[in-house]
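Take a look at the structure below.
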Protein chains: 2
Amino acid sequence: MRADAQRNRALIVTAASEAVARDGAYASLEEIARAAGVGSATLHRHFPSRWALLEAVFHDRVEALCARAGELSTGPDARQALTTWLCELAVYSTTTRGLVTSLLKAPPESESCSAMLVAAGEPLRRRAVEEGTVRDDVEMIDLVTLVKAIALAAESTSAAEAERLVRLALEGISPSRQ
Amino acid sequence: MRADAQRNRALIVTAASEAVARDGAYASLEEIARAAGVGSATLHRHFPSRWALLEAVFHDRVEALCARAGELSTGPDARQALTTWLCELAVYSTTTRGLVTSLLKAPPESESCSAMLVAAGEPLRRRAVEEGTVRDDVEMIDLVTLVKAIALAAESTSAAEAERLVRLALEGISPSRQ
DNA sequence: TTACGATATGGGGGGACACCCCACTTATTC
DNA sequence: GAATAAGTGGGGTGTCCCCCCATATCGTAA
């Protein structure tokens, strides 16, 4: 890729990052192009769709979340580690404007960010299943979907509320065993 | 209200119902107005916002769901009744295009449809808590929010998937007691 | 039945948006 | 430094939401 194209791409992603943080996942693409100092055609050439742009915006942060799963996979309590990671995912998703929307509303063929999260969480799930504290018919993609769904529903309320709902969903609504 | 205004209102709601079923909650308002045979200004006078229109479109169906909660509240197994109703809510929300979006994305001040659902489900929850099969710190609004969230996440997949996730969230991820 | 005031209507315009075409500019390579 | 391939952005098109206001229609009281 030519040097100027690379530079413009970076400018666009930076501008998009700010715009999405301010206005959410449906921020105006033209405004992003203006802020980046490029024409709207350039933006559309680099990113054929809004989701392609959002994926570039959030790629690094999703990678950080995946790394966090790696850190948590060495503790003693596997169930605890899984719960912690899912809650952190929920809180982070709720407080980072546009992230959940871009994860959930992206067209199914390009779910690379979601796929990364599922792959990163899988070791946590497997350890917990082996430990016997998580049902073996629970798939990682179910858990990530649940968390994304809750984060989206709670995006307008608070992160604490999102965490509450995630814990509720993980524990179920039955009274705890005596 | 004048008779012609009433007639136009009904025409708009009917056209909107069809358009939303076909194109989702963000169907073009102008197209709805065209299909109804009225000017776009008339549509906007009757329904100042998209959400006001969607509320009118889904009002009857939400009422039907609430009535269903009433039916279920007389069976012997309260926990089962609650689970059944929430699953039906999830399936119906998933298969009725635009319903979940209109429930979740509507501005918080006009949550009348959501409020109806919470109020309708509350007796089911209370019976199950009294029966001892549901934790007493679980609020109905949490359950409805969970179901709405799952339905939104599963809107693009299948209703069966939505039901699976609802059951998973209600039961939790722990292995069942022996 | 008629006439009048209140109400409802919709065409047309403004502003914003996503997306695309194409003449022009720029970086790279030899 | 010239050739060439790649990149660029201004401007055009079609769509959208929303609003203004002259006109048409309704309901009612005489």
Side-chain angles (χ1 to χ4, degrees), chain A residues 1-58 97-98 101-110, chain B residues 1-58 97-98 101-102 104-110 156:
Chain A
M1 197 198 290
R2 254 170 58 171
D4 55 343
Q6 222 164 325
R7 207 175 58 90
N8 276 337
R9 202 194 123 99
L11 285 173
I12 291 169
V13 171
T14 302
S17 184
E18 290 167 13
V20 168
R22 191 177 56 246
D23 304 328
Y26 293 98
S28 159
L29 298 181
E30 290 199 339
E31 194 178 311
I32 291 171
R34 263 197 306 277
V38 304
S40 66
T42 300
L43 186 149
H44 281 94
R45 189 163 344 92
H46 281 288
F47 304 100
S49 73
R50 178 180 294 277
W51 311 115
L53 176 56
L54 288 171
E55 197 175 301
V57 166
F58 290 120
R97 287 206 67 176
T101 307
S102 80
L103 285 175
L104 256 181
K105 292 295 181 175
E109 62 268 18
S110 68
Chain B
M1 199 198 292
R2 251 167 62 170
D4 55 342
Q6 221 165 327
R7 207 175 59 90
N8 276 337
R9 203 194 122 100
L11 285 173
I12 291 170
V13 171
T14 302
S17 183
E18 290 167 13
V20 168
R22 190 176 57 247
D23 304 327
Y26 292 97
S28 160
L29 298 181
E30 290 199 340
E31 194 178 310
I32 290 171
R34 263 199 305 279
V38 304
S40 66
T42 300
L43 186 149
H44 281 95
R45 190 162 345 91
H46 280 289
F47 303 101
S49 75
R50 179 180 292 279
W51 312 115
L53 175 57
L54 287 171
E55 196 176 301
V57 166
F58 289 122
R97 287 207 66 177
T101 308
S102 79
L104 256 181
K105 293 293 181 177
E109 64 267 18
S110 69
S156 49

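Naming convention: chains lettered A, B, ... in sequence-line order (proteins, then strands); numbering from 1 in each chain.
Atom-to-atom, CG of A:L11 to P of D:dT8 comes out at 10 Å; the value is rounded to the nearest Å. Spacing between atom CG of B:D23 and atom P of D:dT15 amounts to 14 Å, rounded to whole angstrom units. Atom CD1 of A:I32 is separated from atom C1' of C:dA16 by 15 Å (rounded to the nearest Å). Atom-to-atom, CG of B:D4 to C1' of C:dT7 comes out at 8 Å; the value is rounded to the nearest Å. Taking atom NE2 on A:H44 and atom P on C:dC22, their separation rounds to 18 Å, with Å as the unit. Atom CZ of B:R7 and atom P of D:dG27 are 11 Å apart (whole Å). As a whole-Å value, the separation of B:L43 CG from C:dA8 C1' is 14 Å. If you take CZ of A:R9 and P of D:dG9, they are 16 Å apart, rounded to a whole angstrom.
As judged by a 4.0 angstrom heavy-atom cut-off over every strand, B:S28 is placed among residues touching the sugar-phosphate backbone only. Backbone-only engagement by A:A3 is indicated by non-hydrogen atom pairs under 4.0 Å involving sugar-phosphate atoms exclusively. Contacts of B:A5 with the nucleic acid, taken as non-hydrogen atoms under 4.0 Å apart, involve only primed sugar atoms and P, OP1 or OP2. Residue B:R45 is classed as a base contact, given a heavy-atom separation below 4.0 Å to a base.
The backbone N or O of B:A25 lies less than 3.5 Å from a partner atom in the side chain of B:R50, making a donor-acceptor pair. Using a distance-only test at 3.5 Å, with no hydrogens or angles considered, no donor-acceptor pair links the side chain of B:S17 to the main chain of B:V13.
Contact annotation: the side chain of B:D23 approaches that of B:E31 to within less than 4.5 Å [non-hydrogen atoms, C-beta and beyond].
Phosphate proximity of C:dA8 to B:N8: absent, as no side-chain N or O sits under 4.0 Å from OP1 or OP2. Contact annotation: A:H46 side-chain N/O to D:dT8 OP1/OP2 distance is under 4.0 Å. Considering only side-chain N and O atoms, B:T42 lies under 4.0 angstrom from the phosphate OP1 or OP2 of C:dG10.
Scanning all heavy atoms of the two residues, the minimum distance from A:S102 to A:F58 falls at OG-CD1, 3.4 Å. Summarising the geometry of A:L43 relative to A:I12, their closest heavy-atom pair is CA-CD1, 3.8 Å, with the distance given to 0.1 Å.
In terms of position along DNA chain C, the nucleotide closest to B:R2 lies nearer the 5' end than the nucleotide closest to the other residue of the pair B:R2 and B:E30. Remark on DNA chain D: of its neighbouring residues B:M1 and A:S40, the 5'-side contact belongs to A:S40, judged by nearest-heavy-atom nucleotide.
Between D:dC19, D:dC16, D:dC17, one nucleotide has an atom nearer to the side chain of B:R34 than all others, and that is D:dC16.
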